[in-house]
Amino acid sequence: MVHYSLYMAKYSTGNAGDSGGGGACELCGAEDADLVSATVAGAELQVCESCAPHNDSDDARDTESDETQDERERRQRAAQNAARMTDAATGDSSHWEEGGVDYEGDRLPYLVRDYGKEVQRARQEAGLQREELADDIDADENDILAVEQGRATQANVGGSVIRALEQRLDIQLAEQ
């Protein structure tokens, strides 16, 4: 004996032809709900907003998988950004361990207006790439880039890098 009741909606009202507008949900029985068409367990039903997630149709699954894919990509980007920040925070500290730390001598001085443009201009006039300049003054290339972009403070570039740039490029970056 086949039990057809297993495949029928619990509160079927026989209004499957209605497209919303005040009928009862054929899944939970909610009255006067705005109804939408949904395929539940192979049956086309008119369901309320609360029951709509039970929709088995391919369109609903595609939307769900798209949302899942978007969420997955967002989480992946967040993890990549966190990894980059961790890498930056755990850089090579051997030069500090060997030579010690001189906080007073390495404080970033007040810098002249448009110091970044001045460094970039002087570096280019000297015919140097950022990497070459960084090697010449024994600094990190990212520090040179930060200075040229005018974000020495935000990048925590030390005063020793500024003094080395002034000396190597024969420019004045620190206010007198």
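Heads up: numbering here begins at 1 and tracks the sequence.
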Do the side chains of [Y] and [X] get nearer than 4.5 Å, heavy atoms only?
X	Y	result
D140	V157	no
E141	L145	no
Q46	S37	yes
C28	C48	yes
N55	V36	no

*Shortest non-hydrogen separation from V47 to C25 and the atoms involved*: CA-SG, 3.5 Å
*Over all heavy atoms of both residues, which pair between E49 and P53 is shortest? Give the atoms and the distance, please.*
O-CD, 3.5 Å
*Would you kindly confirm whether L133 and I171 end up in one hydrophobic cluster when ILVMFWY residues are joined by side chain heavy atoms under 4.5 Å apart?*
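They do share one cluster, since a chain of ILVMFWY contacts under 4.5 Å joins L133 to I171.
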Say whether, by atom type as modelled, one donor and one acceptor occur between the side chain of [X] and the main chain of [Y] under 3.5 angstrom.
X	Y	answer
R123	L128	yes
Y115	I162	no
E166	A174	yes

Would you say [X] has more than 12 foreign heavy atoms packed within less than 6.0 Å of its [atom1]?
X	atom1	result
Q172	CD	yes
E125	CD	yes
Q129	CD	no
Q167	CD	no

Approximate separation, where rounding is to 0.5 Å, of [X] [atom1] and [Y] [atom2]:
X	Y	atom1	atom2	value
L165	S160	CG	OG	9.5 Å
E26	L35	CD	CG	8.0 Å
Q120	I144	CD	CD1	12.0 Å
R168	I137	CZ	CD1	9.0 Å
Q149	Q154	CD	CD	10.5 Å

